[in-house]
Number of protein chains: 2
Amino acid sequence: MTASRTAELNASKPGKAREVVEDHEEASQIKMGELSELLGYSLKRAQLRIFDDFIRCVASLNLTPAQFSVLLLIDRNPGRNQTEIANTLGILRPNFVAMLDSLESRELCVRVRSANDRRSHILMLTDNGRTILARAKKLVATKHEARLNEVLGPANRTALLEMLATLARDF
Amino acid sequence: MTASRTAELNASKPGKAREVVEDHEEASQIKMGELSELLGYSLKRAQLRIFDDFIRCVASLNLTPAQFSVLLLIDRNPGRNQTEIANTLGILRPNFVAMLDSLESRELCVRVRSANDRRSHILMLTDNGRTILARAKKLVATKHEARLNEVLGPANRTALLEMLATLARDF
DNA sequence: CGATAATCGTTATTGATCATATCAAATAGT
DNA sequence: ACTATTTGATATGATCAATAACGATTATCG
């Protein structure tokens with residue numbers, strides 16, 4: 001972005017154009033070598049971009065991807081407790097506590113002591129939580145995933161999803 | 001894994017089988033809902049798996065994916081300084097310092113004051129660094145990427161790489 | 001039954017990763 | 001010469017991930 005902003009400034013000085021060596025990628029012309037072939041590298045870079053875009057798309061609701069996934073899972077699985085939700089998301093129980101504290105303080109969900117097992121906390125969305133989740137889903141669908149379909153095309157997006165699922169399953 | 005161990009134990013009690021509801025995934029039969037359709041979610045899960053496998057494959061050399069990519073880039077781009085290498089990897093300069101300290105203390109690379117610009121440090125691999133990098137590349141190729149070809153198939157692996165590059169580029 | 005083990009949510013703590021502000025030294029721009 | 005900027009570095013904070021341990025509760029089983 002520093003590069004593109006510099007380019008704009010130079011473009012506004014018609015006097016001596018092209019003295020800046022066709023800029024674009026500034027520090028680059030650095031060879032990536034076999035890094036371009038490393039799947040893990042591309043995977044991480046892509047993931048960071050996607051997450052950034054996700055956050056941008058639901059910025060008005062102040063939801064991180066992790067928070068969104070928690071709300072989704074609670075909504076789809078009423079009656080589950082903390083460990084069950086945390087486990088299926090790969091979140092460790094200790095780290096899940098602060099996360100729920102945050103969501104609960106925003107009145108998006110509540111912990112209810114189970115009658116069967118008074119150790120566990122049943123999780124459920126509040127009305128407000130359901131509203132926010134619905135809005136988030138809409139934003140994700142119309143902005144985030146729509147953008148993905150633009151860039152990849154629907155067929156590729158599906159194929160990509162399938163391959164990633166394969167990786168997460170068979171690895 | 002807790003689930004499968006439990007299953008074995010139950011199988012060894014022929015008396016009253018099937019009282020444990022066909023176990024398998026214990027906490028599960030939890031519905032993922034539209035989470036399975038969220039590209040970012042699958043992307044992150046896959047990335048974590050791939051990184052774990054990478055670390056496992058080069059465990060004998062004690063190299064993280066990030067360290068490997070740094071060594072690769074230094075090797076492929078002799079004469080570059082810290083900011084140049086850090087920038088192309090998306091690493092912030094302050095965070096790159098400790099990383100290089102570590103690699104330098106292991107005698108894998110060296111910082112050399114540039115003659116042209118005495119502010120900057122030219123980075124280069126040591127002989128030892130080149131040896132380790134060569135070994136790492138071999139391990140990655142024969143173990144890590146080979147495994148990927150097994151799971152995905154060569155065609156899919158290439159297609160996946162291309163899509164990820166597209167995402168990182170056009171997003 | 002009662003003793004022991006296991007589970008649930010929680011706290012505390014540590015390490016790794018990531019980001020920002022700031023600095024001295026060196027260089028560039030004017 | 002005077003000011004900007006750049007480079008590597010330090011300090012610091014935020015976020016995330018991982019482990020150990022605890023009180024309360026429930027399960028196991030002798």
Side-chain angles (χ1 to χ4, degrees), chain A residues 1-3 5-6 9-10 13 16 19-20 26-27 44-45 47-49 51-52 55 62-67 69-70 79-87 89-104 109-123, chain B residues 2-3 5-6 9-10 13 15-16 19-20 26-27 44-45 47-49 51-52 55 62-67 69-70 74 79-87 89-105 109-123:
Chain A
M1 24 151 107
T2 303
R5 221 181 299 126
T6 305
L9 286 176
N10 290 333
K13 291 178 190 169
K16 40 177 181 176
E19 92 170 11
V20 182
E26 186 162 19
K44 180 153 195 190
R45 293 309 271 246
Q47 186 257 316
L48 291 176
R49 295 265 181 134
F51 266 45
D52 275 355
I55 292 173
N62 240 42
L63 283 182
T64 66
Q67 289 171 329
S69 65
V70 169
R80 297 299 187 158
N81 63 22
Q82 294 186 200
T83 38
E84 288 172 322
I85 299 293
N87 279 339
L89 285 175
I91 302 174
L92 294 171
R93 276 72 89 220
N95 298 330
F96 196 47
V97 174
M99 194 160 178
L100 277 182
D101 287 346
S102 165
L103 292 176
E104 210 175 6
C109 70
V110 286
R111 301 182 234 220
V112 183
R113 288 229 98 96
S114 167
N116 312 334
D117 186 342
R118 288 168 42 209
R119 289 171 296 184
S120 61
H121 291 169
I122 297 308
L123 300 179
Chain B
T2 304
R5 223 178 300 125
T6 304
L9 287 175
N10 289 333
K13 290 178 189 170
K16 40 177 181 176
E19 93 171 7
V20 181
E26 184 161 20
K44 179 153 197 190
R45 293 309 272 250
Q47 186 257 316
L48 290 175
R49 295 266 181 133
F51 266 46
D52 274 356
I55 293 173
N62 240 42
L63 283 182
T64 67
Q67 290 172 328
S69 65
V70 169
I74 294 178
R80 297 297 188 160
N81 64 22
Q82 294 187 199
T83 37
E84 288 172 320
I85 299 294
N87 279 341
L89 285 175
I91 303 173
L92 294 171
R93 274 73 87 221
N95 299 330
F96 197 47
V97 175
M99 194 160 178
L100 276 183
D101 286 347
S102 165
L103 292 177
E104 210 176 4
S105 76
C109 71
V110 287
R111 300 182 235 220
V112 183
R113 287 230 101 93
S114 166
N116 312 334
D117 186 341
R118 288 170 41 207
R119 289 171 297 186
S120 62
H121 290 167
I122 297 308
L123 300 179

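Bear in mind that the values here come from a model prediction, so they are computed numbers and not experimental data. Here is the naming used below: chain letters follow the sequence lines, and residue numbers restart at 1 for every chain.
Rounded to the nearest 0.5 Å, atoms CD (Q67(B)) and CD1 (I55(B)) are 9.5 Å apart. For the atom pair NZ of K44(B) and CG of L48(A), the computed distance is 9.0 Å after rounding to the nearest 0.5 Å. Going from atom CZ of R119(B) over to atom CG of N81(B) covers 9.5 Å, rounded to the nearest 0.5 Å. The distance from the CZ atom of R80(A) to the CD1 atom of I122(A) is 9.0 Å, given to the nearest 0.5 Å. In this structure, CZ on R45(B) lies 7.0 Å from CG on L89(A), to the nearest 0.5 angstrom.
Atom-to-atom, CD of E104(A) to P of dG9(C) comes out at 12 Å; the value is rounded to the nearest Å. Distance R80(A) CZ to dC8(C) P: 12 Å, rounded to the nearest Å. Rounded to whole Å, atom P of dT6(D) lies 13 Å from atom CD of E84(B). Between the P atom of dA20(D) and the CZ atom of R93(A) lies a distance of 13 Å, rounded to the nearest Å. One can place CG of L100(A) at 13 Å from C1' of dC8(C), the figure rounded to the nearest angstrom. Between the CZ atom of F96(B) and the P atom of dT10(D) there is a distance of 15 Å, given to the nearest Å. Between the CE atom of M99(B) and the P atom of dA9(D) there is a distance of 14 Å, given to the nearest Å. Spacing between atom CZ of F51(B) and atom P of dC16(D) amounts to 18 Å, rounded to whole angstrom units.
Remark: T83(B) is not in phosphate contact with dT6(D), judged by side-chain N or O atoms under 4.0 Å from OP1 or OP2.
Inter-residue side-chain proximity for S120(A) and E84(A) is flagged as unmet; no heavy-atom pair is nearer than 4.5 Å. Side-chain contact check for L103(B) versus C109(B): some heavy-atom pair is nearer than 4.5 Å.
End-to-end axis angle of the helix from dC1(C)-dG30(D) to dA26(C)-dT5(D), using five pairs per end and rounding to 10°, comes to 10°.
Nearest approach of M99(A) to I91(A), heavy atoms of both residues: SD-CD1, 4.1 Å. Heavy atoms only, all atoms of each residue included: L123(A) and R111(A) are closest at CD2-CG, 3.8 Å.
A side-chain donor from one of R93(A) and N87(A) sits under 3.5 Å from a side-chain acceptor of the other.
Against DNA chain C, the stretch residues 111-123 of chain B makes heavy-atom approaches under 4.0 Å through N116(B), D117(B), R118(B), R119(B).
Because its glycosidic torsion is more than 90° from 0, dA18(D) is reported here as anti.
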Once each nucleotide of nucleotides 12-24 of chain C is scored for protein heavy atoms under 4.0 Å, what B/S/- sequence comes out, 5' to 3'?
B-----BBBB---
